[in-house]
Amino acid sequence: MKIKDVLCTITGTVGGVIASLFGGWDAAIATLIICGCVDYISGLVVAGVFHESKKSENGALESRAGWKGLCRKGMTLLIVLIAACLDKMMSTTYIRDAVIIGFVANEVISITENAGLMGLPLPAAITKAIDLLTSKASKTGETGDEDRRNQD
């Protein structure tokens with residue numbers, strides 16, 4: 001057996017096991033991962049090119065802020081994993097999907113905010129919706145990114 005065949009077999013097996021733990025590889029998990037990657041990359045562009053990041057003191061790239069972002073993305077996937085396990089335990093299919101939809105919505109809002117920080121013109125309806133969601137989240141006691149940064 002060639003080394004290429006062995007690597008492909010191992011990669012396929014590991015990938016299959018991981019996908020099955022997350023409830024299978026479907027459009028929902030693919031969308032979440034794509035949105036998470038786009039959000040992270042757009043955040044890097046906002047900080048690295050535009051120096052407008054709200055996650056660092058001077059708005060520029062900061063390794064600690066980048067690491068925190070990756071940790072948050074990892075925690076998002078772990079919560080999806082837990083939701084998939086809950087679905088299996090209760091013989092349902094909606095908990096994982098609901099969790100993924102919530103996280104995808106959050107990622108899309110963050111991508112839109114990053115686009116605004118890059119200077120892309122955003123429709124007023126989108127800007128107002130983001131402001132409304134952000135203000136409601138802070139009123140209900142959720143901690144925003146600035147609050148998290150100040151706690152460190």
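Small disclaimer: the values here were computed from a predicted structure and weren't measured. Starting from 1, each residue takes its place in the sequence as its number. Below, all heavy atoms of this structure are taken into account, side chains as well, without hydrogens, waters or symmetry copies.
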*Asks:* Would Ile33 and Val38 show up in the same hydrophobic cluster when neighbours are defined by side-chain heavy atoms closer than 4.5 Å?
*Replies:*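 Looking at the clustering, Val38 is in a separate group from Ile33.
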*Asks:* Can you list everything that forms a side chain to side chain donor-acceptor pair (under 3.5 Å) with Thr112? Sequence neighbours excluded, please.
*Replies:*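 Thr112: no side chain to side chain donor-acceptor pair (under 3.5 Å) contacts found.
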*Asks:* Holding to side chain to side chain donor-acceptor pair (under 3.5 Å), I want the full list of residues that pass it with Thr76, two or more places apart in sequence or in another chain.
*Replies:*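 Expected list: none.
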*Asks:* Given the rule that I, L, V, M, F, W and Y join up when any side-chain heavy atoms are under 4.5 Å apart, are Val46 and Ile126 in one cluster?
*Replies:*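 No, separate clusters.
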*Asks:* Among residues at least two apart in sequence or on other chains, which ones pass side-chain contact (heavy atoms from CB on, under 4.5 Å) with Ala60?
*Replies:* His51, Asn58
*Asks:* Checking Asp97 now: which residues fulfil salt bridge (charged side-chain N to carboxylate O under 4.0 Å, His left out) with it, not counting sequence neighbours?
*Replies:*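 Not a single residue meets the salt bridge (charged side-chain N to carboxylate O under 4.0 Å, His left out) criterion with Asp97.
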*Asks:* For Lys88, is the NZ atom crowded, meaning more than 12 foreign heavy atoms sit under 6.0 Å from it?
*Replies:* yes
*Asks:* Who else is in Leu7's hydrophobic cluster (ILVMFWY, side-chain heavy atoms under 4.5 Å, direct or via others)?
*Replies:* Ile3
*Asks:* Going by side-chain hydrogen bond (donor to acceptor under 3.5 Å, both in side chains), name the pairs with one or both residues in residues 29-46, residues two or more places apart or in two chains.
*Replies:*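 Listed once each, the pairs are Asp39-Lys73, Asp39-Ser110, Asp39-Asn114, Ser42-Asn114.
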*Asks:* Got a sec, which residues hit side-chain contact (heavy atoms from CB on, under 4.5 Å) with Thr127, two or more places apart in sequence or on another chain?
*Replies:*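 So Thr127 forms a side-chain contact (heavy atoms from CB on, under 4.5 Å) with Leu122, Asp131.
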*Asks:* Do Lys54 and Leu117 have side chains that approach each other closer than 4.5 Å (heavy atoms only, starting at C-beta)?
*Replies:* yes
*Asks:* Any idea which heavy atoms bring Ile29 and Val80 closest together, and the distance?
*Replies:* CD1-CG1, 3.9 Å
*Asks:* Over all heavy atoms of both residues, which pair between Ile100 and Ala28 is shortest? Give the atoms and the distance, please.
*Replies:* CG2-O, 3.5 Å
*Asks:* Same cluster or not: Ile101 versus Leu32, using hydrophobic residues (I, L, V, M, F, W, Y) connected whenever any side-chain heavy atoms lie under 4.5 Å apart?
*Replies:* no
*Asks:* Check side-chain contact (heavy atoms from CB on, under 4.5 Å) between Leu61 and all other residues, then give those that pass, not counting sequence neighbours.
*Replies:*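 side-chain contact (heavy atoms from CB on, under 4.5 Å) list for Leu61, sorted by chain: Leu44, Ala47.
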*Asks:* Could you work out, with side-chain contact (heavy atoms from CB on, under 4.5 Å) as the rule, every residue matching Val6, not counting sequence neighbours?
*Replies:*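 Scan of Val6 (side-chain contact (heavy atoms from CB on, under 4.5 Å), adjacent residues dropped) gives Met1, Ile10.
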*Asks:* Who pairs with Thr92 by side chain to side chain donor-acceptor pair (under 3.5 Å), at least two apart in sequence or on another chain?
*Replies:* Asp87
*Asks:* Test your reading of the model: is there a side-chain donor-acceptor pair from Thr11 to the backbone of Cys8, 3.5 Å cut-off?
*Replies:* no
*Asks:* Nearest heavy-atom pair of Cys35 and Val108: which atoms, and what distance?
*Replies:* SG-CG2, 4.2 Å
*Asks:* Sorted by first residue and then second, give each salt bridge (charged side-chain N to carboxylate O under 4.0 Å, His left out) pair with at least one member in residues 5-26; sequence neighbours left out.
*Replies:* Asp26-Arg96
